[in-house]
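One structure below.
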Amino acid sequence: MELSDYQVPVNFIQEIIDQDKKTNKYQGRVHLRFPPEPNGYLHIGHAKSICLNFGLAIKNQGLCNLRFDDTNPSTEEVEYINSIINDVRWLGFDWGDRLFYASDYFEKMYEYAINLIKMEKAYVCDLSPEEIREYRGNFTTPGKESPYRNRSVEENLDLFQRMRAGEFPDGSKVLRAKIDMSSPNLNLRDPVLYRIVRASHPRTGDKWCIYPMYDYAHPLEDYIEGITHSICTLEFEDHRPLYDWVLNTLNLPHPPQQIEFARLNLTNTVMSKRKLRRLVEEGYVNGWDDPRLPTISALRRRGYTPEAICNFCERIGVSKSNSTVDIRFLEHCVREDLNKKAARVMVVLDPIKLIIDNYPAEQIEEIEIENNPEDPAYGSRKIPFSRVLFIEKDDFCENPPQGYFRLSPGKEVRLKGAYIIKCVGLVKDEESGEIKEIHCTYDPESKSGKPGAKRKVKGTLHWVSAAHAIQTEVRLYDYLLLSTPEEIETEEEDKKDDFIKKLNPDSLKILTGCLAEPELRDAKKGSKFQFMRKGYFCVDLDSQPDRLIFNRIVSLRDNWERTAQINNM
RNA sequence: UGGGGCGUAGCCAAGCGGUAAGGCACGGGAAUUUGGAUCCCGCAUUCGAAGGUUCGAAUCCUUCCGCCCCAGCCA
């Protein structure tokens, strides 16, 4: 993945880095980190952060660590650690030997906490969670100091050591920073630094029963790793004074700086861990890699390329204003990438039989077709052509509307790579009136490549030979939501997750009677194609040699469908 | 309500006192054996609003308005 090939747009974070280089703030070092908590699957919002951090490192000849922020064992699991490592690597990034865990630093963090106690900057507090909340006050009322705030250094040291030793039950005591109970910033009203939690940690097992809080742990993790710029999302802006407090109070040299940017929102989908989990757990989708989801694993399964995702993340920009990016821009980025890379093939999704009356019944021709008009290096392949074919049902219309230039009675179209045909008759079901067969004649002189092919016909159709086509299943995906979840949330009623009401009932359509050209018989899982005139498709994980299954990654842009819709045809 | 942020086109987003980049979307056209891709052309007299400073303001100042975040022993 040549990220350095991209013209990375300069954003405000790069400007800060430039400034710091100029003033030699970190001796010219640029060191970032992507710090996921292993409590869920990564989604495209994380991809934005990953591309930002690793991208900035590449652009500035710096480094970027992968660090798991595993400070809360009650929600974190190894399964997530593995999936995250896999996803970041798949996106194309490399952290060298710098895969770290916050839990690696628990001992050091504990020692720093001891220092804070000795400096009279931290104390053990016996207040219950409810009491702490009451003492904290609120936006309008300043907080009250805890009665335990002025315990002696010795007592605090003793108590904290015994907290670690497991002498007290969960929730009975916490270590708190001694800052300012009347601060207008609630984060500074003696925030909790350590809590007692008896939960088995994915990495440290039962070694610890006290765990550091994010606000205390994160600046130390960054400091210990020599991070220079600690990038996080907007909601942590209020926490920055605390981030700085920890580092300054402990008097640590060259403290890293926290910089906040706006997280990614996308239309027509959900991005919050809570909502994603609900979709998965309540069966609205089939697992974390259901191709309708915006998780990295789902995008991968659906057929999105890492290049398309990274390019998208670069191009949406980085700023501090809350924004919701139109999902059609993401689609644009995959189409752009796949247009260059995907071999063209012909697959009829919704077949109707077409018989060429004047074509010899036993004859089979090998038609040669280019694999990718964008790139001759893709070469060509041969496709069998015969008297009985299948074409797309909506490529025929008995009473065509204005502007329709596919097949209709008496009209001519070209069969891609083969001949020009003319519709001369129909066979209908006597009962239903449904069209069963389309009858045509072909012009033998019009074969592609021959002089007679120069004739202009408006439409070109894709097709398969009935005797040679292979049966496939195709899964068509559409937007998960019919709009963005925020739109309902402002309609107040939400808060209890009414985004479910916005779920698109047609987000998945399974087509089982699709017919593919024989070339696709050996297509491997994960390989991607352009089904001509239809879209980009990817062989699904569920696919078997005797039961080919394709996912639609994204449709092709379709001007006709748009005009047809506008004219209500 | 106190604090912290953010307001540039339908959606992102440049712009950093010298007269509104770019992309997506949208509209029109050329070409086309994919109604794809490609190529042209169009798309903010105005930057949340109002005042002020200045020869000159999206950029500086003042006031106002709107939206987002914070009252976890989550991150």
Side-chain angles (χ1 to χ4, degrees), chain A residues 9-11 15 35-37 39 69 71-72 74-76 125 127-129 132-134 136-143 170-176 183-189 191-197 211 213-215 217-218 232-241 260 262 264 267 273 315-333 335-336 339-340 344 346 369-370 372-374 403-406 413-418 420 448-449 453-454 456-462 490 530-535 555-564:
Chain A
V10 173
N11 55 56
E15 285 174 0
E37 183 191 13
N39 71 345
D69 206 0
T71 57
N72 184 4
S74 50
T75 58
E76 297 157 5
C125 182
L127 255 26
S128 69
I132 287 186
R133 196 186 319 127
E134 287 163 21
R136 185 159 37 225
N138 54 40
F139 295 150
T140 48
T141 323
D170 287 15
S172 61
K173 284 180 167 48
V174 290
L175 184 74
R176 291 229 254 166
S183 171
N185 181 345
L186 304 213
N187 293 122
L188 263 22
R189 320 247 262 228
V192 171
L193 266 25
Y194 271 90
R195 74 286 214 185
I196 304 173
V197 180
Y211 290 93
M213 298 286 289
Y214 170 87
D215 285 322
H218 210 86
C232 66
T233 43
L234 249 29
E235 67 270 26
F236 291 100
E237 215 148 14
D238 287 343
H239 297 239
R240 191 179 345 126
E260 310 84 11
L264 169 66
T267 62
K273 276 181 187 171
R315 293 216 265 162
I316 52 176
V318 179
S319 75
K320 295 189 68 154
S321 51
N322 290 319
S323 58
T324 302
V325 176
D326 194 328
I327 198 162
R328 288 176 301 178
F329 185 50
L330 211 212
E331 295 180 339
H332 165 79
C333 291
R335 286 195 188 103
E336 188 179 61
N339 178 49
K340 292 177 298 191
R344 273 60 171 169
M346 295 199 287
I369 297 190
E370 58 192 341
N372 188 344
E374 298 294 312
Y404 185 87
F405 48 86
R406 276 111 102 144
V413 292
R414 180 184 303 281
L415 293 176
K416 173 71 189 177
I420 292 172
S448 289
K454 293 241 161 59
K456 296 275 182 229
V457 277
K458 269 190 283 184
T460 300
L461 310 185
H462 57 104
T490 47
Q530 185 198 93
F531 289 3
M532 292 199 81
R533 306 206 303 134
K534 283 294 162 189
S555 66
L556 248 33
R557 290 189 61 195
D558 188 346
N559 283 310
W560 168 244
E561 192 173 302
R562 270 188 291 164
T563 25

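Heavy-atom basis, side chains included; hydrogens, waters and symmetry copies ignored. Numbers restart at 1 for each chain; the letters A, B, ... are given by sequence-line order, proteins then strands. The shown structure was predicted, so the numbers you read here are calculated from the model rather than taken from an experiment.
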* Asked: Within the structure shown, what part of the strands sits under 4.0 Å from A262(A) by heavy-atom distance: base, sugar-phosphate, or nothing?
  -> nothing
* Asked: G42(B) and U32(B): how far apart are their P atoms, nearest whole angstrom?
  -> 24 Å
* Look at the side chain of E374(A) against the base of U38(B) and say whether a donor-acceptor pair falls under 3.5 Å; ignore hydrogens and angles. => no
* **Residues that K320(A) engages under salt bridge (charged side-chain N to carboxylate O under 4.0 Å, His left out), provided they are two or more places apart** => E237(A), E260(A)
* Name the nucleic acid region contacted by R240(A), choosing base, sugar-phosphate or nothing; use a 4.0 angstrom heavy-atom cut-off, strictly under. => nothing
* S321(A)/S319(A) under side-chain hydrogen bond (donor to acceptor under 3.5 Å, both in side chains): CA gap, chis, key distance, verdict -> CA-CA 6 Å; S321(A) 51; S319(A) 75; 3.3 Å; yes
* **C1' gap between G10(B) and U1(B), integer Å** => 35 Å
* Asked: In the strands shown, is A75(B) matched to any nucleotide by a Watson-Crick or G-U wobble pair with both distances under 3.5 Å, and which?
  -> none
* Can you tell me the pairing partner of U53(B) across any strand shown, Watson-Crick or G-U wobble, with both distances under 3.5 angstrom? => none
* Looking for any heavy atom pair under 4.0 Å, which part of the strands does G403(A) touch: base, sugar-phosphate only, or nothing? -> base
* Check every strand shown and say whether Y211(A) touches a base, only sugar-phosphate, or nothing at a heavy-atom separation below 4.0 Å. => nothing
* Asked: Base, sugar-phosphate, or nothing for Y404(A), non-hydrogen atoms under 4.0 angstrom?
  -> base
* With a non-hydrogen cut-off below 4.0 angstrom, is E15(A) in contact with a base, only sugar-phosphate, or nothing? -> base
* Asked: What interatomic distance, in whole Å, is found between P of A9(B) and the corresponding atom of C41(B)?
  -> 24 Å
* **Any-strand Watson-Crick or G-U partner of A20(B), both distances under 3.5 Å** => none
* Asked: D69(A): what forms a side chain to side chain donor-acceptor pair (under 3.5 Å) with it, not counting sequence neighbours?
  -> H218(A)
* Asked: Base, sugar-phosphate, or nothing for I316(A), non-hydrogen atoms under 4.0 angstrom?
  -> sugar-phosphate
* Once you round it to whole Å, what is the distance between P of G4(B) and CG of L188(A)? -> 12 Å
* Asked: Considering every strand shown, what is the Watson-Crick or G-U wobble mate of C67(B) when both distances are under 3.5 Å?
  -> G5(B)
* Side chain of T460(A), backbone of R414(A): donor and acceptor closer than 3.5 Å? -> no
* **Results of side chain to side chain donor-acceptor pair (under 3.5 Å) for D215(A) - residues two or more places apart only** => H239(A)
* Do nucleotides 70-75 of chain B as a string where each nucleotide becomes B, S or -: B if the base has a protein heavy atom under 4.0 Å, S if just the sugar-phosphate does, - if no protein is that close. => BBSBSB
* Tell me what E336(A) touches on the nucleic acid: a base, only sugar-phosphate, or nothing, going by heavy atoms under 4.0 Å. => nothing
* Using the P atom in both, what is the distance from C47(B) to U8(B), to the nearest Å? -> 12 Å
* Inter-residue atom distance K340(A).NZ - N372(A).CG, 0.5 Å rounding -> 11.5 Å
* Asked: Considering residues at least two apart in sequence or located in another chain, which fulfil the salt bridge (charged side-chain N to carboxylate O under 4.0 Å, His left out) criterion with E134(A)?
  -> none
* Classify every nucleotide of nucleotides 6-11 of chain B by which part a protein heavy atom approaches to under 4.0 Å, writing B for the base, S for the sugar-phosphate alone and - for neither, in 5'-to-3' order. => S----S
* Quick one: look up who G35(B) pairs with, Watson-Crick or G-U, both distances under 3.5 Å, and put none if it's unpaired. => none
* Within the pair H462(A) and U34(B), is there a side-chain N or O less than 4.0 Å away from OP1 or OP2? -> no
* Assess whether side chain to side chain contact (heavy atoms under 4.5 Å, CB included) is satisfied between F329(A) and R315(A), documenting all intermediate values. => CA-CA 10 Å; F329(A) 185 50; R315(A) 293 216 265 162; 3.7 Å; yes
* Nearest non-hydrogen partners of P373(A) and R344(A), listed with the distance -> CD-NE, 3.8 Å
* To do: Scan V318(A) against the nucleic acid and name what it touches under 4.0 Å (heavy atoms): base, sugar-phosphate only, or nothing.
  => sugar-phosphate
* Asked: Does R557(A) have a side-chain nitrogen or oxygen under 4.0 Å from the phosphate oxygens OP1 or OP2 of C26(B)?
  -> yes
* So what's C47(B) paired with, Watson-Crick or G-U wobble, going by both distances under 3.5 Å? -> none
* To do: Apply salt bridge (charged side-chain N to carboxylate O under 4.0 Å, His left out) to R335(A) and list each qualifying residue two or more places apart in sequence or on a separate chain.
  => none
* Asked: How far does the C1' atom of A58(B) sit from the matching atom of A50(B), given to the nearest Å?
  -> 15 Å
* To do: Could you tell me the separation between the CZ atom of R414(A) and the P atom of U32(B), rounded to a whole number of Å?
  => 12 Å
* To do: For K454(A), report the nucleic acid contact type (base, sugar-phosphate, nothing); a contact means any heavy atom under 4.0 Å.
  => nothing
* How close or far is atom P of G36(B) from atom CZ of R406(A), stated in whole angstroms? -> 11 Å
* Quick one: R344(A) CZ to U33(B) C1', roughly how many Å, whole number? -> 14 Å
* To do: In whole angstrom, give the distance that lies between atom NZ of K340(A) and atom C1' of G36(B).
  => 16 Å
* Could you state the CG-C1' distance from N372(A) to A37(B), rounded to the nearest angstrom? -> 9 Å
* Atom CZ of F329(A) and atom C1' of G22(B): how far apart are they, to the nearest Å? -> 10 Å
* Structure fact -> The Watson-Crick or G-U wobble partner of C26(B), with both key distances under 3.5 Å, is G42(B)
* Is there a side-chain polar atom (N or O) of N559(A) under 4.0 Å from OP1 or OP2 of G36(B)? -> yes
* Asked: Does G27(B) sit syn or anti, given that only angles within 90° of 0 count as syn?
  -> anti
* Got a sec, which residues hit side chain to side chain donor-acceptor pair (under 3.5 Å) with R328(A), two or more places apart in sequence or on another chain? -> D326(A)
* For the base of U34(B), is there a side-chain donor-acceptor partner from R533(A) under 3.5 Å away? -> no
* Residues two or more places apart in sequence or in another chain: which of them pass side chain to side chain donor-acceptor pair (under 3.5 Å) with K273(A)? -> N39(A)
* To do: Give one of base, sugar-phosphate or nothing for G417(A), where a contact means two heavy atoms less than 4.0 Å apart.
  => base
* Which is it for L461(A) and R533(A) under the side chain to side chain contact (heavy atoms under 4.5 Å, CB included) test, yes or no, and what are the steps along the way? -> CA-CA 8 Å; L461(A) 310 185; R533(A) 306 206 303 134; 3.6 Å; yes
* Asked: Just how far, in rounded Å, is C1' of U33(B) from CD of Q530(A)?
  -> 14 Å
